[in-house]
Structures are given as C-alpha cells and as structure tokens.
Amino acid sequence: MCTRWSDPQWIREELRRKWDSGRILQALLTEDDLFPLRLPLKRPKSNEVNENFAEISHWIKRLRDHSRQGIGFGYELIEREMVHRQSGRNLLPTHAIVPTVQDALRLLKKEREANKFLELAGGMTAHWPALQEWAGRYPHKVLAAGDDWTGILAVMKWFSLNPRCGLYLRQLDIPGIDTKFIERRKGILTELLNIILPERAIDHNVSSFEQQFGLRIKPVQVRMRLLDQAQYIQGLSDLTIPVEQLKDWSPAADRVFITENEINGLCFPDTENSLVIFGLGYGVDILKAIAWLKEKEIYYWGDLDTHGFAILDQVRSFLPQTRSLLMEESILLQHRALWSVEDKPFLGQLTRLSPEEQRLLCSLQNNTWGKGVRLEQERVSFQQVKQCLREKLIPKGSFAQSDVPGYPV
C-alpha cells in the first residue's frame, strides 16, 4: 500500500494523538465538540487514477473493510464521485468520520482506561465538585494516579479540616497515610489543594509545599566555629544552631568570617575574638535575619572564581561592611598549578565590589588567563591562610572609610 495515502492505521494514529492530548477523555467528562470527528484523508490525485487504478481500488477496499461498514464500529467514510474519461465513474473516499467517543475508544482499544477514568473522576467530583474542570483538563494525571486516589482524597480532606496546622509533615495523623505517600505526591497535591482550599489557607508567596499550606518546615541550620578558646561555651566550639534561635543570641566575638567550604571552616585557624560561619554557598541570604551581624567585622572568603565574587556581592547586599579575604589576583597567580575550570561562570554585572575585585572579576569573565579559570578556596595554601590572618586583618575597631561600594562611613 502506498504510504502517501491515509489508511486505517493512519486514522488510528490520528485518534491516538487525540488520546495522548487528553481530548478524547475530556469528551467523556464534559460537553465537547470533538465528535463527530472529521478527518480529511490524504488520497490519490485525479491524475493517478489510471496508472494506479488497481492499487487505488485496494486502498478503497481496505478503508471500507476497517470502517463501520466492515466491522460495525469505528469510522464512516465520506466519498466523492470522480469521473475520469478512461476509468469512468468512481467513488473516492475523501474524509473519515468518527461519529462518537465510543467509536474512538473501540478503535484504540482504550475502553478499559476510559471506564477507569470515569470511575476515578466520579469519585473525585463526588467529594470535591470543584475538581471537575481540573479532571477534564488533565485526564491523564487522573489515570496516572490510579489507586492512589483514595489516599489523595484522604489527604485533601485532612488539609481542608486542619488548615495551616503548623505541624511537621511527620505529625499528620491521617489513617492509612504515611509521610512518604505525601512526599511522593506533593506535585499533584499542590495542584488540587490550590483548588479546594480557601485563599486564607494558602501562602502563594513561597515555593515549598510545607510553607504554602502551613506546615512546619525543618529549621534552617547555621554551622559555625568559635575560634577563640576563651569564648568556648562549656568547652564547645563547633555549633549548629537553627537560624531562628541564632537571631536571639549575640556571641562575644567581634569578628566573623564567612566561608563556603566546610573543610575550610573546620580547620580555620584559631583567631582571637572571632568565629567562622561556613557551608552556606548561595544560601548566605539566610544570614539576613541575624541582626547582630550588622555590628560585627565581617570577612568573606570564597572561591576565586566568578561565582565566588557573586556571593561576595550578595553578602554585601545585607552586610555592606564585608571585606574579602584571600580573593586577590596575587593569590590566584601564586597558585597557578592548582587552577581548575569553572564550567558555568557567572557572566552578569556586580555593583558591590571594590575596584580591585571588579578588575579581577572582569579578567576571569574575559578568560584573561584561560577559559574558565578558577581557584577553589580549599586549594589555597594553609600557610598562606595563616599568614593572611597575621598580616592583613584590620585590628578590631579600626575600620575606616572603605572603597567597597555601600560601605558605611
């Protein structure tokens, strides 16, 4: 059979596209103008009739044999008379008409899935009529959830009866439902709860499932080390404290170092009247909530790469007194043998760098020493770190006007 003409398999493929898009299942649930579905057929041209008459006759017979006329369901054919001076009068199929959604389902052998969809959608809308539109829009999501719907509806009922409960997810007491059931289905639950819950029960300004629906989230932790033995707390120096508690505690240290790398934080040299915060990366924004940091001398030590300077700029957006540490061109060039490659450099503009920092950032962005040059902070010689702390730290209380943009005078 010539593949350039529409055959029964082509008709089924067209229906399959409608099935995959959800339109056929949607037609089961709501009034829809999809059926009767009219499909224009790709068919022989008039100048092909004589030279391909036998093949065309076979094509027409095959279409008819697989139609309602042949098997009792499926599609009907619209035919147009074609008059040719040599072959005479012939009826040529021009369109296939699938009259009903049931015909389409039988052709696709999707009757079982369709019945399951109707059962599931009926159970949903019996509890929550507002979900009918969603089910019609996303019928394959309804089918994909399958037997999970009993549990999903139970979770929805619990949230509707206990809005913004302030509990951890682990504390929800829903018969037959464990924490992992909800965690694996946060996506679909978010869609559904946004439909059935009143606006006062939803916070649209946050992204996490827990925060959006008023659950308690795991506290954000800040890890730090006290670097002055005289300031240890009952012998403890390595502390991890929830940010909400850290806001209300002001340590005795007057100097705070912030560094990305965990190992660097763990082995940071003892330094008088100081502490080090580490392991936050771009998450340094959580430090905005800690007001006492504004009263401290702040030093940031990051990777000598474009993202390291981007984080430095980020820190200065809420701690403008921040000075950089070991983020100088001389340090970069001294460790040339230890350079690595920054795969996805930051190429934007930063407004809170000193002139020297800005020049170094531009050199890195412009690949002055090679493509994507970077020096990770843990590759800086430990002796270099100790020497820097001895020689370059500004004594406490001696801050003067800085060339750092935004530094308070």
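Start at 1 with the first residue, then count along the sequence.
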Q | Main-chain N/O of S340 paired to R374 side chain as donor or acceptor, under 3.5 Å | A | no
Q: Flag the pair P345 / D305 as yes when at least one side-chain heavy-atom distance between them is below 4.5 Å, and no otherwise.
A: no
Q: Taking the side chain as every heavy atom from C-beta outward, state whether L197 and P163 have any atom pair closer than 4.5 Å.
A: no
Q) Between the side chain of T125 and the main-chain N/O of W128, is any donor-acceptor distance below 3.5 Å? A) no
Q | Side-chain donor or acceptor of R43 paired with backbone N/O of L41 under 3.5 Å | A | yes
Q) E378 side chain to I263 main-chain N or O, any donor-acceptor pair under 3.5 Å? A) no
Q. For K157, what residues pass the salt bridge (Lys or Arg N to Asp or Glu O under 4.0 Å) criterion, not counting sequence neighbours?
A. none
Q) Do Q384 and Q334 have side chains that get closer than 4.5 Å, going by heavy atoms? A) yes
**Q.** Donor-acceptor contact present, side-chain W19 to main-chain E13, <3.5 Å
**A.** no
Q. With no hydrogens and no angle check, is any side-chain donor or acceptor of T259 less than 3.5 Å from a backbone partner on W301?
A. yes
Q. Checking side chain to side chain contact (heavy atoms under 4.5 Å, CB included) for the pair L360/L304: CA distance, chi angles, key distance, verdict?
A. CA-CA 9 Å; L360 180 51; L304 258 170; 3.6 Å; yes
Q. Does CZ belonging to R80 count more than 12 external heavy atoms closer than 6.0 Å?
A. no
(Q) If you define the side chain from C-beta out and look only at heavy atoms, does anything of W5 sit under 4.5 Å from E55? (A) yes
Q) Among pairs that include at least one residue of residues 167-180, which meet side-chain hydrogen bond (donor to acceptor under 3.5 Å, both in side chains), considering only residues two or more places apart or in two chains? A) Y168-R216
Q: For H95, check ring-ring contact (aromatic ring centres under 6.0 Å, His included) against everything at least two apart and list the hits.
A: none
**Q.** Close side-chain approach of K42 and W10, heavy atoms under 4.5 Å
**A.** yes
Q. Does the Q377 side chain pair with the main chain of N264, one donor and one acceptor, at a distance under 3.5 Å?
A. no
Q) Sub-3.5 Å donor-acceptor pair from the side chain of R255 to the main-chain atoms of E297, do we have one? A) no
Please tabulate, one pair per line, all N/O donor-acceptor pairs under 3.5 Å involving side-chain atoms of residues 217-228, not counting sequence neighbours.
unit_1: R223; atom_1: NE; unit_2: D238; atom_2: OD1; d: 3.1
unit_1: R223; atom_1: NH1; unit_2: E262; atom_2: OE2; d: 3.0
unit_1: R223; atom_1: NH2; unit_2: D238; atom_2: OD2; d: 2.8
unit_1: R225; atom_1: NH1; unit_2: G265; atom_2: O; d: 2.9
unit_1: R225; atom_1: NH1; unit_2: L266; atom_2: O; d: 3.1
unit_1: R225; atom_1: NH1; unit_2: F268; atom_2: O; d: 3.2
unit_1: D228; atom_1: OD1; unit_2: A230; atom_2: N; d: 3.0
unit_1: D228; atom_1: OD2; unit_2: N273; atom_2: N; d: 2.7

**Q.** Pairs flagged by salt bridge (Lys or Arg N to Asp or Glu O under 4.0 Å) wherever residues 123-147 is involved - sequence neighbours left out
**A.** K116-D147, E133-R137, K141-E191
Q.
Within the 4.5 Å heavy-atom criterion, are I298 and L293 side-chain neighbours or not?
A. yes
Q) Hey, would you say the H127 and W149 ring centroids sit under 6.0 Å apart? A) no
Q. Quick one: does Y282's side chain get under 4.5 Å of I311's, heavy atoms only?
A. yes
Q | Expected output: side-chain T30 to main-chain Q26 donor-acceptor under 3.5 Å | A | yes
Q) Does the ring of F181 carry R185 above it, NZ/CZ under 6.0 angstrom from centre and within 45° of its axis? A) yes
Q | L375 vs I331 side-chain heavy atoms within contact, under 4.5 Å | A | yes
**Q.** Geometric cation-pi criterion, R106 with F73: 6.0 Å, 45°
**A.** yes
Q. Where the side chain of T94 meets the backbone of I78, is there a donor-acceptor pair that is under 3.5 Å apart?
A. yes
Q: For E199, enumerate each residue passing the salt bridge (Lys or Arg N to Asp or Glu O under 4.0 Å) test, keeping only those at least two apart in sequence or located in another chain.
A: none
Q) Above 12 or not: heavy atoms from other molecules or residues under 6.0 Å from NZ of K61? A) no
